[in-house]
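Basis for what follows: all heavy atoms, side chains included, without hydrogens, waters or symmetry-related copies. Note that this is a predicted model, so its numbers are computed, not measured.
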Amino acid sequence: MAGHGVVALAVLAAYCLLLQLPAASRGQQLQVGFYNTSCPNAETLVRQAVTNAFANDSGIAAGLIRLHFHDCFVRGCDASVLLTSPNNTAERDAAPNNPSLRGFQVIDAAKAAVESACPRTVSCADIVAFAARDSVNLTGNVSYQVPSGRRDGNVSIDQDALNNLPQPTFTAAQLVASFANKSLTAEEMVILSGAHTVGRSFCTSFLARIWNNTTPIVDTGLSTAYATLLRALCPSNANSSTPTTTAIDPSTPATLDNNYYKLLPLNLGLFFSDNQLRAIATRIPSAASFAANETLWRQRFAAAMVKMGNIEVLTGSQGQVRLNCSVVNNGSSSGAGTAAYHYSGSTVSIDEIASS
């Protein structure tokens, strides 16, 4: 019995020692307030950077929400979307991201501020998640807490973005499967699609709905008047270099609200994938529920954003905390296969980041 008591005390002592270790050392799950001790002003500094950018360009909020989504769906929420490649083969160079993805400079500004206050502590992946949350709050007055403790990945390949990001041409079945691959339900797909209530789109994302070469298309899921308006905006020869954009939600383009769901039954969903939510309405009637109840959608949206932010995260000793969000720390791989390379320059100094 005495031997059992010694063993029990040893186990208890080991458990107490484990609890005393920094969360990053134990790190298996994200937690709210992860930086409360190591960098207590981290979230405030990120919020200030986002607020400053929003004051100059309110559209940046939609860009930051989308940046988080496009990061999490490719290799998990590891800030791999921020990495650059010397041969333009990183995620941000892929067609779904280039030239439409934006907000990189806001993340860089937030990272500089955080590095100045707490060097080598806050990951770029967490900054992206914080910035998306702050953008949701600025555009929709929706607040939620972001569990943090993510680490940054060191691999970014354009083909991964092509293979994992849901496309505006996806059918309902493809959308459901794409979200299921990331452990998100069909209803959560409908919920997160509501982010289309803010932001703008380039012509190429919906061109196939309005043109067949030079011939106008009759898309029964698209209002005739709306299609005419879009054709006047986007010529049939528009391509990825065409700078023209249009609001995804033509009624309240700068406000995160439930108007997106109200537009769908009016055939005013901009993307083919938007209209596909109606194709699963009998099985997943959420879109109609959200159109009728904005409070319900806001609550579900906040919860879905938190769940999305947990996709395939790196924690503990996995990954790294980048000093510069666009390059891996010195000596770390930032690609694989033909896209692999090592950052050959010296590690970026804290002073260089703070002054950039």
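Phe271 belongs to a hydrophobic cluster whose other members, connected by ILVMFWY side-chain contacts under 4.5 Å either directly or through intermediates, are Phe206, Leu207, Ile210, Trp211, Leu222, Tyr226, Leu229, Leu230, Ile248, Leu263, Leu266, Leu268, Leu270. Membership of an apolar cluster is not assigned to Leu162, as no side-chain contact below 4.5 Å to another ILVMFWY residue is traced.
Leu314 and Val146 are members of different hydrophobic clusters when ILVMFWY side chains are connected at heavy-atom separations under 4.5 Å. Hydrophobic clustering places Met305 together with Val198 (ILVMFWY residues linked when any side-chain heavy atoms are closer than 4.5 Å, directly or through intermediates). Under the 4.5 Å side-chain contact rule for hydrophobic residues, Met189 and Leu296 share a cluster. Connection of Val321 to Val114 is not established within any shared hydrophobic cluster, with ILVMFWY side chains joined at heavy-atom distances below 4.5 Å, either directly or through further cluster members.
With respect to the salt-bridge test (charged N to carboxylate O, under 4.0 angstrom), the residues Glu312 and Lys182 qualify. The residues Arg151 and Asp78 are annotated as not salt-bridged, no charged nitrogen and carboxylate oxygen being separated by less than 4.0 angstrom.
Here the closest non-hydrogen pair linking Asn275 and Arg209 is CB-NH2, 4.0 Å. In terms of heavy-atom proximity, Ala172 sits nearest to Ala279 at CB-CB, 4.3 Å. Residues Ser80 and Val74 share a closest heavy-atom pair of OG-O, 3.4 Å. A pairwise comparison of heavy atoms in Lys307 and Thr185 identifies NZ-CG2, 4.4 Å as the closest pair. Residues Phe272 and Thr169 come closest through the heavy atom pair CD2-O, 3.3 Å. Considering all non-hydrogen atoms of both residues, Ala110 and Ile127 come closest at CB-CG2, 3.8 Å.
In summary, the side chains of Tyr35 and Asn41 do not present any donor paired with an acceptor at a separation below 3.5 Å, with no hydrogens or angles considered. Residues Thr215 and Asn213 have side chains that never bring a donor and an acceptor to within less than 3.5 angstrom of each other. When only modelled atom types and interatomic distance are considered, Asp249 and Thr252 share a side-chain donor-acceptor pair under 3.5 Å. No side-chain donor from either of Thr197 and Asn259 sits under 3.5 Å from a side-chain acceptor of the other. With no hydrogens or angles considered, a side-chain donor-acceptor pair links Arg278 and Asn267 at under 3.5 Å. Inspection of the Arg66 and Ser100 side chains reveals an N or O donor paired with an N or O acceptor under 3.5 Å. There is no side-chain donor-acceptor pair under 3.5 Å between Thr89 and Asp158. Counting only N and O atoms by type, the side chains of Gln48 and Asn52 include no donor and acceptor under 3.5 Å apart. Judged by distance alone, the side chains of Asn137 and Tyr144 never bring a donor and an acceptor atom under 3.5 Å apart.
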Start with the C-alpha distance between Ser123 and Gln320, add both sets of side-chain angles, then the distance that settles side-chain contact (heavy atoms from CB on, under 4.5 Å), and finish with yes or no.
CA-CA 8 Å; Ser123 69; Gln320 59 185 215; over 6 Å; no

Output, in order, the C-alpha distance, side-chain angles, deciding distance and verdict of side-chain contact (heavy atoms from CB on, under 4.5 Å) for Leu64 and Ile107.
CA-CA 9 Å; Leu64 289 167; Ile107 302 301; 3.9 Å; yes

Could you walk me through whether Ser240 and Phe202 pass side-chain contact (heavy atoms from CB on, under 4.5 Å), step by step?
CA-CA 8 Å; Ser240 58; Phe202 284 86; over 6 Å; no

Check step by step if side-chain contact (heavy atoms from CB on, under 4.5 Å) holds for Leu83 and Arg322.
CA-CA 10 Å; Leu83 289 171; Arg322 283 187 225 134; 3.6 Å; yes

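In this structure, Asn293 contributes its side chain and Thr295 its backbone to a donor-acceptor pair below 3.5 Å. Side chain of Arg102 to main chain of Gly59: a donor-acceptor pair is present (N/O by atom type, distance under 3.5 Å, no hydrogens or angles). Of the possible donor and acceptor atoms, none in the side chain of Gln31 sits under 3.5 Å from a partner among the backbone N and O of Gln29. Asp152 places a side-chain N or O within donor-acceptor distance of the main-chain N or O of Cys124, the cut-off being under 3.5 Å. Distance alone, capped at 3.5 Å, is enough to place a donor-acceptor pair between the Gln174 side chain and the Thr171 backbone. Listed for the Thr242 side chain is a donor-acceptor partner under 3.5 Å among the backbone atoms of Asn239. Asp57 places no side-chain N or O within 3.5 Å of a backbone atom of Ala53 that could act as its donor or acceptor partner. Side chain of Asp71 to main chain of Leu67: no donor-acceptor pair is present (N/O by atom type, distance under 3.5 Å, no hydrogens or angles). Put simply, the side chain of Asn97 gets close to the backbone of Glu91: a donor and an acceptor are under 3.5 Å apart. Not a single donor-acceptor pair under 3.5 Å links the side chain of Trp297 to the backbone N or O of Ala291.
From Arg92, atom CZ reaches atom CG of Asn98 across 9.0 Å, with rounding to the nearest 0.5 Å. In this structure, Asn164 CG and Cys72 SG are separated by 12.0 Å, a value rounded to the nearest 0.5 Å. For the atom pair SG (Cys39) and CZ (Arg120), the distance works out to 14.5 Å, reported to the nearest 0.5 Å. To the nearest 0.5 angstrom, Thr224 atom OG1 is 9.5 Å from Asp219 atom CG. Asn324 CG to Asp108 CG: the interatomic distance, rounded to the nearest 0.5 Å, is 6.5 Å. With rounding to the nearest 0.5 angstrom, the OG1 atom of Thr44 is 10.0 Å from the CZ atom of Phe130.
Other residues, nucleotides and ligands contribute more than 12 heavy atoms inside 6.0 Å of the CD atom of Gln105.
Between Ser135 and Ile65, the closest side-chain pair of non-hydrogen atoms falls below 4.5 Å. With contacts defined as side-chain heavy-atom distances shorter than 4.5 Å, the pair Leu30/Arg150 qualifies. Side-chain contact between Pro216 and Arg231 is present, with heavy atoms from C-beta onward closer than 4.5 Å. By the 4.5 Å heavy-atom criterion applied to side chains, Thr139 and Thr255 are not counted as neighbours. Between Glu43 and Arg133 there is a side-chain heavy-atom pair separated by less than 4.5 Å. In this structure, Cys325 and Phe104 have side chains that are not in contact, with every pair of non-hydrogen atoms separated by 4.5 Å or more. Between Asn181 and Phe73 there is no side-chain heavy-atom pair separated by less than 4.5 Å. By the 4.5 Å heavy-atom criterion applied to side chains, Met308 and Phe69 are counted as neighbours.
Geometrically, Arg300 does not engage Phe290 in a cation-pi contact defined by less than 6.0 Å to the ring centre and at most 45° from the axis.
The disulfide bond (SG atoms under 2.5 Å apart) pairs that include a residue from residues 190-241 are Cys203-Cys234, where partners are two or more places apart or lie in different chains.
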